[in-house]
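Data first, discussion second: the structure below is written as structure tokens.
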Amino acid sequence: MHGSPDGSSASPVTSPVPRAVTDIDSARFRSVLGRFATGVVAITGIEAGGRPTGLAANSFTSVSLDPPLVAFCVAHTSTTWPRLRTAPRLCISILAEQQLDVCKQLALKGGDKFAGIDWSASPNGGPVIDGALAWLECSIENEHVAGDHVIVVARVHHLDKLHDGEPLLFYKGGYGRFDG
């Protein structure tokens, strides 16, 4: 089926026949999937002892409207996830294009990930990153082991839009913005 997004006919574009690739190493896999642009979120919570903690993720998606579910993936090597997953509620902040520094700080291993990051509390006390485009407060519904990651399905309890603006995007291994 060929056509444009508005439904009108368009002439087919010929392209070379794809070659079968059977040697799928991690570098090639990452290179190919890097052509899919994603947004970036901060997944945060209050760990035992009352300190905020969090991590950055670009593997975030909506799952269901009824019930309201979202999902994200976390690497098995994450040292933050074991502490974060014990929080009674998680907050997911959708990062804005000017929040690359927040993303990089939450992606660091060890240390106080929230040093210098301003936040306010969600209805149940979770950290909502100041300056984010929107936020969702969730509880973990299910976890599914999938290769070197865990897929976390979370139920949304509260959410809101905070600001208009452009999202922080991840594309081809780097961060950028939407120009359009």
Side-chain angles (χ1 to χ4, degrees), residues 36-171 175-178:
F36 182 70
T38 63
V40 182
V41 298
I43 301 167
T44 61
I46 302 295
E47 63 181 306
R51 287 182 38 178
T53 192
L55 54 87
N58 71 323
S59 57
F60 171 76
T61 189
S62 62
V63 173
S64 169
L65 292 174
D66 186 19
L69 301 173
V70 295
F72 55 89
C73 298
V74 181
H76 290 301
T77 56
S78 172
T79 57
T80 303
W81 179 242
R83 297 188 326 269
L84 191 56
R85 70 185 299 276
T86 64
R89 293 283 170 96
L90 301 175
C91 284
I92 300 170
S93 296
I94 300 172
L95 298 180
E97 66 181 338
Q98 68 273 13
Q99 293 183 298
L100 178 57
D101 56 334
V102 171
C103 172
K104 287 181 176 182
Q105 187 166 329
L106 291 175
L108 293 174
K109 298 269 188 216
D112 180 2
K113 292 187 172 209
F114 267 78
I117 294 179
D118 294 327
W119 61 279
S120 55
S122 68
N124 287 295
V128 175
I129 305 294
D130 288 356
L133 299 177
W135 61 272
L136 305 93
E137 183 181 70
C138 309
S139 61
I140 298 170
E141 187 89 359
N142 291 300
E143 293 182 63
H144 306 277
V145 174
D148 57 5
H149 280 65
V150 60
I151 301 168
V152 180
V153 178
R155 182 179 296 257
V156 178
H157 300 282
H158 301 281
L159 73 165
D160 204 0
K161 297 180 286 183
L162 294 174
H163 303 286
D164 286 331
E166 299 299 325
L168 178 60
L169 296 179
F170 186 74
Y171 181 65
Y175 296 92
R177 54 180 283 167
F178 177 73

Distance check, rounded to the nearest 0.5 Å: I151 atom CD1 versus N142 atom CG?
11.0 Å

Nearest heavy atoms of P127 and I46, plus distance in Å
CG-CD1, 3.8 Å

Please answer whether the main-chain N or O of K113 pairs with a side-chain N or O of Q105 as donor and acceptor at a distance below 3.5 Å.
yes

Within the side chain of H76, is there an N or O that forms a donor-acceptor pair under 3.5 Å with the backbone of G147?
yes

Distance in Å, L90 CG paired with I140 CD1, rounded so as to fall on 0.5 Å steps
5.0 Å

Looking at every heavy atom in both G45 and L84, which two are closest together, and how far apart are they?
N-CD1, 3.2 Å

Closest approach of A57 and C73, non-hydrogen atoms and distance?
CB-O, 4.4 Å

Using a 6.0 Å cut-off, check whether atom CG of D164 has over 12 heavy atoms from anything other than its own residue.
no

Heavy-atom donor-acceptor pair, E137 side chain to N124 backbone, under 3.5 Å
yes

Nearest-0.5 Å distance that lies between atom NE2 in H158 and atom CG in L136:
11.5 Å

Does the side chain of T44 come within less than 4.5 Å of W119's, by heavy atoms?
no

What's the separation between atom CG in L169 and atom CG in L95, rounded to the nearest 0.5 Å?
11.0 Å

Taking C-beta and beyond as the side chain, do Y175 and V40 meet within less than 4.5 Å on heavy atoms?
yes

Answer yes or no: is there a side-chain heavy-atom contact under 4.5 Å between V70 and C138?
yes

So, T80 side chain and L55 main chain: donor-acceptor pair closer than 3.5 Å or not?
no

If we check side chain to side chain contact (heavy atoms under 4.5 Å, CB included) with S93, which of these qualifies: I43, D130, V102, V128?
V128

Within-4.5 Å side-chain heavy-atom neighbours: L106 and F114
yes

Any donor and acceptor pair, going by atom type alone, linking the side chain of T86 with main-chain N or O of R83 inside 3.5 Å?
yes

Between K161 and A134, which heavy-atom pair has the shortest distance, and what is it?
CA-CB, 4.0 Å

Taking all heavy atoms of T79 and all of K109, pick out the closest pair and write down the distance.
OG1-CD, 4.3 Å

Measuring from F72:CZ to I92:CD1, what's the distance to the nearest 0.5 Å?
5.0 Å

Shortest non-hydrogen separation from E47 to T53 and the atoms involved:
OE2-CB, 3.6 Å

In this structure, SG of C103 is separated from CG of L108 (nearest 0.5 Å) by 9.5 Å

